[in-house]
Amino acid sequence: MFKNYCRHGWRNLLKNKLSTLINIGGLSIGLATGIIILLWINGEVSYDAFHQHKAGIYQLMSNSYHDGRWFTGDATPAPLAEKMKLGFPEIKYTTRQAYGGQQLLSTGKKSIYQQSMYADPDYFNIFTFPAISGNPVTALQDPGAIILTESTAHRLFGDKDPIGSIIKHNNQHHLRVAAVIRDAPENSSIQFDVVLPFRLYELENADWINRWDNYRVGNIALLQPGSSVEGFNKKLKDSRIANATDSINYLFAYPFTALHLHSGFKNGKPSGGRIEIMLLLGTIGLFILLIACINFMNLSTARAERRAREVGVRKVLGASRITIILQFLIEALIITFGALLLGILLAKLALPGLNRISGKSISLDFMNWQIWTGLLLLLLFTGLVAGSYPAFFLSGFRPVKVLKGVISTNRGGGLFRKSLVTFQFIISIFLIITTIVIYKQLQYGESRPVGYNQDNLLEIPARGEMANKYLLLQEDLLRIPEIESVSAGTDDLLRFGGATDGIAWPGKTADQNFSINITWVKYDWVKTAGLQLAAGRDFSPEYGRDSAGCLVNEAAVKKMGLKEPVIGTMLGNNPIIGVVKDFVVNNPYRSSPPLVIYFGSGPMSHIFVRLRKTEHPETALAKIEAAIKKSNPEFPFEFSFTKEAYRKMFTGLRSSGFMLNWTSSLAILISCLGLFGLSTYLAERRSKEIGIRKIMGASVGRIWYMLAKEFLKPVFIAFVITVPLALLAMQEALRNVDYRVSLQWWMFAAAGILTALIALLTISFQGTKAAMANPVKALQSE
């Protein structure tokens with residue numbers, strides 16, 4: 001019987017070729033989108049799942065209360081790990097980790113920069129990064145050892161066994177290769193090329209490493225099997241460790257594997273993170289699949305008359321309603337299976353381009369059982385949803401009436417079809433509005449005045465002896481004619497990481513315990529960066545030593561409530577010598593935070609070079625490289641243009657905008673495929689009516705309008721419903737963005753007009769064709 005249903009279903013599909021092609025086309029696009037989104041979500045959900053002890057790994061987090069709210073961070077004091085190990089029986093292992101950034105590794109004539117990380121010996125008892133050779137646990141007990149990943153070992157030593165080889169680290173230390181481990185998987189939130197003993201980090205940061213008020217490293221614990229994390233957190237909060245720094249700060253353990261998706265915190269409690277993006281993508285994918293399913297429902301029920309007599313005959317011959325429902329569901333599954341094969345092909349073709357844009361490496365691995373399970377679930381879900389309503393609708397015809405030719409396509413069925421079309425366009429218009437708003441917000445942020453001159457500004461990371469030899473390097477650089485000025489700072493101009501709430505000023509009240517960004521710079525910092533002064537002056541050697549003075553930005557003046565004259569006001573022991581106009585700091589969509597700039601006499605991490613205007617900076621760059629090589633010959637020359645680095649900050653949002661563009665286009669395309677099919681059917685069904693109207697003198701335009709208005713009504717209704725929903729959603733999405741685009745009426749009108757035009761073009765082909773057809777042919781059977 002099943003075989004008979006399949007054969008009969010296949011014949012029906014071949015009989016209605018246009019309907020079949022439209023259904024398969026729409027479903028294949030929807031399924032391809034579903035496949036890509038499932039692969040994307042699966043990749044995100046699998047992060048850190050490969051660790052053998054994943055269920056017991058916890059990141060130690062801190063909650064601190066200031067400026068009227070709780071702030072959560074994953075940086076904790078360095079002495080914490082050892083204290084916890086001694087005082088909490090629930091803990092099996094603890095480790096500290098700190099990222100060292102790109103560090104120089106040299107062996108023989110090879111010198112490469114690699115991403116470094118410092119860790120305690122138990123790091124590899126907690127995390128699963130398999131060893132190829134050597135023992136990584138014992139390796140980290142030796143401050144003169146280094147652990148390489150497989151790819152780093154190959155870059156430095158080729159196919160030679162590196163164990164026991166000596167590597168020069170940052171041209172300072174000679175370290176012995178004690179172990180080689182597998183590269184960190186792509187779905188690991190911890191990425192590194194080399195692992196260094198934490199003891200080496202302690203020696204390099206001896207001035208603060210044992211302080212309990214310095215939150216700068218990561219502390220991670222592996223709990224004993226069966227331990228209650230709730231009980232552990234209560235003990236941790238009540239312990240002396242929790243109150244070692246401040247009574248309004250406390251520590252807690254958070255599941256390490258949850259951090260990738262649930263990294264957002266609000267008022268000290270988990271609140272969102274990447275999981276919100278995953279839910280949004282999943283919802284969009286579901287909606288696109290539903291649009292494709294709606295097309296199938298509409299076309300199947302619209303052609304009810306052609307299948308009604310078949311249903312009547314089958315019922316008269318003894319077929320039950322369940323049997324007929326099963327037949328139509330099998331037909332839907334056959335179409336869905338064909339669409340799934342085409343969807344897999346479309347997904348395979350689309351993935352390389354999407355990977356390039358997103359920076360991911362998603363692949364359709366048919367050796368993975370999870371992929372097959374996902375594809376099977378997609379097939380069943382889509383086939384059953386698409387075929388359910390047509391199956392129940394068509395199987396409900398009464399045989400006596402349909403065999404007499406009395407087929408009532410009741411108004412309820414027509415209303416339901418119109419409701420489905422309206423729902424399709426609600427989704428499409430909503431996605432178009434979202435795309436327009438995100439595009440304008442991205443454009444708004446990129447065109448925002450940054451507050452300083454980014455043109456011809458270079459940032460050079462201070463490697464090796466560059467920081468210690470800054471004054472000599474500055475003199476050499478200023479001799480280059482193409483250079484206008486040189487300065488340095490502890491932070492680059494895009495990100496300022498240091499902050500404190502311990503600055504005093506005249507009139508400070510108890511409720512002004514807010515966080516203030518702080519940084520240290522050299523002379524001519526304002527001039528070199530191209531910043532603007534609202535009052536006072538820059539740090540300059542012309543005024544003698546400026547080590548006692550400081551600069552503030554306008555946001556600091558406003559938030560501190562400083563009274564005029566601001567110049568000369570004491571911040572702690574430092575008089576204000578200048579007020580810098582606000583400029584973009586850290587987040588281009590946030591207001592400028594309060595910032596205090598001190599003069600630094602010590603080494604700086606970043607050197608800034610202002611070039612004179614030139615169309616060919618290559619000559620100046622070659623001279624700069626020669627000057628740097630003179631004082632720092634063993635380090636490769638590195639630099640970046642600040643303007644280009646700033647633009648890269650928008651890469652993530654551009655990717656999100658592209659994804660919305662892509663999904664919006666697909667939603668419109670699938671909706672229009674359905675419209676095309678329905679307009680074709682309507683033109684065929686009303687061919688005789690059109691013929692009579694033409695004979696009675698109706699023009700082509702009049703007939704076209706008669707057919708078109710039936711399909712423009714759902715678009716208009718969808719627009720009216722969607723606008724208030726989209727307005728509320730966009731207001732909520734932009735609510736926490738300080739520097740945001742204003743929502744304007746044209747954004748919503750453009751989405752409605754665009755959708756209407758696309759729908760109109762879609763149905764115009766069949767409408768015009770029907771209006772221009774020869775009425776004699778339509779009426780010759782009468």
Side-chain angles (χ1 to χ4, degrees), residues 13 19-45 277-299 332-387 424 427-428 430-432 434-435 655-677 758 762:
L13 298 181
S19 177
T20 301
L21 286 172
I22 290 173
N23 281 330
I24 289 179
L27 287 173
S28 64
I29 295 170
L31 285 166
T33 306
I35 290 168
I36 291 170
I37 290 175
L38 278 180
L39 291 173
W40 196 302
I41 292 174
N42 181 64
E44 294 291 327
V45 171
I277 299 174
M278 295 302 103
L279 290 173
L280 176 62
L281 276 175
T283 304
I284 290 173
L286 178 63
F287 278 152
I288 288 178
L289 264 182
L290 285 176
I291 290 174
C293 292
I294 287 169
N295 282 350
F296 187 96
M297 295 178 189
N298 279 337
L299 289 175
L333 286 170
I334 291 172
I335 288 181
T336 307
F337 180 72
L340 180 62
L341 295 178
L342 184 56
I344 291 171
L345 177 61
L346 292 174
K348 290 281 284 183
L349 293 173
L351 278 174
L354 289 173
N355 283 335
R356 279 195 301 273
I357 292 166
S358 65
K360 294 183 176 290
S361 55
I362 303 170
S363 62
L364 196 54
D365 180 13
F366 293 111
M367 301 302 290
N368 188 338
W369 66 269
Q370 293 176 318
I371 300 296
W372 284 109
T373 303
L375 292 175
L376 179 61
L377 290 174
L378 270 179
L379 172 66
L380 293 175
F381 172 81
T382 308
L384 294 177
V385 170
Q424 284 181 314
I427 297 171
S428 300
F430 186 89
L431 288 174
I432 291 174
T434 305
T435 301
S655 298
S656 301
F658 172 80
M659 288 294 290
L660 274 171
N661 252 328
W662 175 57
T663 50
S664 301
S665 301
L666 291 180
I668 283 285
L669 175 61
I670 297 171
S671 298
C672 289
L673 278 174
L675 271 187
F676 183 79
I758 294 172
T762 302

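Heads up: numbering here begins at 1 and tracks the sequence. Values below: every heavy atom of this structure, side chains too, minus hydrogens, waters and symmetry copies. What you see is a predicted model; the values in this text were computed from it and never measured.
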Query raised in the report: Under a 4.5 Å cut-off applied to non-hydrogen side-chain atoms, are Leu375 and Leu340 in contact?
Result: yes
Between atom [atom1] of [X] and atom [atom2] of [Y], what is the distance when rounded to the nearest 0.5 Å?
X	Y	atom1	atom2	result
Met278	Asn42	CE	CG	11.5 Å
Ile294	Phe287	CD1	CZ	10.0 Å
Phe430	Thr435	CZ	OG1	10.0 Å
Phe337	Ile24	CZ	CD1	11.5 Å

Do you know which two heavy atoms are closest between [X] and [Y], and how far apart they sit?
X	Y	result
Gly383	Ala332	O-CB, 3.5 Å
Ala32	Gly343	CB-O, 3.4 Å
Ile36	Ala347	CG1-CB, 4.0 Å

Report task. Taking side-chain contact (heavy atoms from CB on, under 4.5 Å) as the test, write out the residues that go with Leu364, two or more places apart. Result ->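 Residues passing side-chain contact (heavy atoms from CB on, under 4.5 Å) with Leu364: Ile35, Leu39, Ile344, Lys348, Leu351, Phe366, Ile371.
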**Report entry** Partner set under side-chain contact (heavy atoms from CB on, under 4.5 Å) for Thr382, not counting sequence neighbours
**Finding:**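 Partners of Thr382 under the side-chain contact (heavy atoms from CB on, under 4.5 Å) test: Leu27, Leu31, Leu289, Cys293, Thr336.
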Query raised in the report: Does the side chain to side chain contact (heavy atoms under 4.5 Å, CB included) test come out yes or no for Ser428 and Ile291, once each step is laid out?
Result: CA-CA 9 Å; Ser428 300; Ile291 290 174; 4.3 Å; yes
